[in-house]
Amino acid sequence: MARSAAAVAVLLLVASCGTSGPEGRDQASAGRVADPSASARSASRTCEISEEKEPVRARFPAFGEVLSTRWCAFALGVDTGRVPGPTDTRVVGYVETSASAVEALLARSNGTFEEARPTGLPEAVARAAGITPSSTTTWVTSPELDGSITLDLYTGRFYLDEETNRVLFDTVNPVGPEDGGVVVGG
């Protein structure tokens, strides 16, 4: 009998977890759970373009000399109002570098590049990089290039445009080699 009473107490304790405040209790009692994506839809993920070179140089030394850059950083995820935790930061943009730096990046993949049109970019970055439905820029990418830049410390996709010596980057939590694997925000 004592064992079943303890089991019921544990069950009630667990059932009460995840509901906070009267709204959560009402939804839980009605068999519904709050939709965390509602916060995501209403959250503003603005991409304010920066032209600061130093943060790009620090995170991506493989790009060589940064002649110019346009990029943005913003937090991913949903603010649920619950316990705060780590936030992933997406850093996306492009750099203009030297022809020799682009050649060095091309050499990292042993000729395994494929043409690919960058997709899913924030509108401000796509516009700044001239990526439109009618643009004819040829971008190339390869998983080997991605791995040689990220060193498997973070997620990233990199595209090269040989004609204009540009490198487009789309990353999450990029770190520089001197950071020793410590994730830094934007």
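Across all their heavy atoms, Phe113 and Leu106 have their closest contact at CE1-O, 3.3 Å. Closest approach of Pro122 and Cys72 over heavy atoms only: CG-SG, 4.4 Å. Val172 approaches Tyr154 most closely through the heavy-atom pair O-CB, 3.3 Å. The nearest pair of heavy atoms linking Ala58 to Pro61 is O-CD, 3.9 Å. In terms of heavy-atom proximity, Cys47 sits nearest to Ala124 at O-CB, 3.8 Å. Nearest approach of Thr141 to Ala116, heavy atoms of both residues: CG2-CB, 3.7 Å.
To the nearest 0.5 Å, atoms OG1 (Thr87) and CG (Leu76) are separated by 9.0 Å.
By the 30° and 60° cut-offs, the orientation of the rings of Phe158 relative to Phe60 is perpendicular. Using cut-offs of 30° and 60° for the angle between ring planes, the Trp139 and Tyr159 rings count as perpendicular.
No donor-acceptor distance shorter than 3.5 angstrom exists from the side chain of Ser142 to the backbone of Thr112, with no hydrogens or angles considered. Between the side chain of Thr69 and the backbone N or O of Lys53, no donor-acceptor pair lies under 3.5 Å.
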Does Leu121 form a side chain to side chain contact (heavy atoms under 4.5 Å, CB included) with Asp170? I'd like the steps, not just the answer. CA-CA 8 Å; Leu121 301 173; Asp170 191 353; 3.9 Å; yes
Report the C-alpha distance between Ile131 and Leu168 in whole Å, list the side-chain angles of each, state the deciding distance to 0.1 Å, and finish with yes or no for side chain to side chain contact (heavy atoms under 4.5 Å, CB included). CA-CA 11 Å; Ile131 300 171; Leu168 188 132; 3.5 Å; yes
Using the rule given for side chain to side chain contact (heavy atoms under 4.5 Å, CB included), can you reason through Trp71 versus Val95, listing the C-alpha separation, both sets of side-chain angles and the distance that settles it, and then say yes or no? CA-CA 8 Å; Trp71 61 278; Val95 301; over 6 Å; no
For a side chain to side chain contact (heavy atoms under 4.5 Å, CB included) check, start with the C-alpha distance between Asn165 and Glu96, then their side-chain angles and the critical distance, and finish with the verdict. CA-CA 6 Å; Asn165 299 319; Glu96 291 181 31; over 6 Å; no
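Listed by chain and residue number, Arg127 satisfy the salt bridge (Lys or Arg N to Asp or Glu O under 4.0 Å) test with Glu123 (two or more places apart in sequence, or in another chain). The salt bridge (Lys or Arg N to Asp or Glu O under 4.0 Å) test applied to Glu54 returns Arg57, not counting sequence neighbours. In this view, Thr137 satisfies the side-chain hydrogen bond (donor to acceptor under 3.5 Å, both in side chains) rule with no residue, not counting sequence neighbours. The side-chain hydrogen bond (donor to acceptor under 3.5 Å, both in side chains) check on Arg166 picks up Asp161, Thr164, with sequence neighbours excluded. A search for side-chain hydrogen bond (donor to acceptor under 3.5 Å, both in side chains) contacts involving Ser148 returns Arg108, not counting sequence neighbours. Listed by chain and residue number, Arg70 satisfy the side-chain hydrogen bond (donor to acceptor under 3.5 Å, both in side chains) test with Glu51 (two or more places apart in sequence, or in another chain).
When the shell of 6.0 Å around CD of Glu144 is examined, it contains more than 12 heavy atoms from other residues, nucleotides or ligands. Other residues, nucleotides and ligands place no more than 12 heavy atoms under 6.0 Å from the CD atom of Glu162.
Residues Leu145 and Leu105 have side chains in contact (heavy-atom distance under 4.5 Å, counting atoms from C-beta outward). Using a 4.5 Å cut-off on side-chain heavy atoms (C-beta onward), Ile149 and Phe169 make no contact. For the pair Asn173 and Thr155, the minimum side-chain heavy-atom distance is 4.5 Å or more. When side chains are defined from C-beta on, Glu163 does not count as touching Thr138, because their heavy atoms never get closer than 4.5 Å.
With hydrophobic clusters built from ILVMFWY side chains whose heavy atoms lie under 4.5 angstrom apart, Val56 does not share a cluster with Leu67. Cluster membership check: Leu151 shares its hydrophobic cluster with Val167, using side-chain heavy-atom separations under 4.5 Å among Ile, Leu, Val, Met, Phe, Trp and Tyr.
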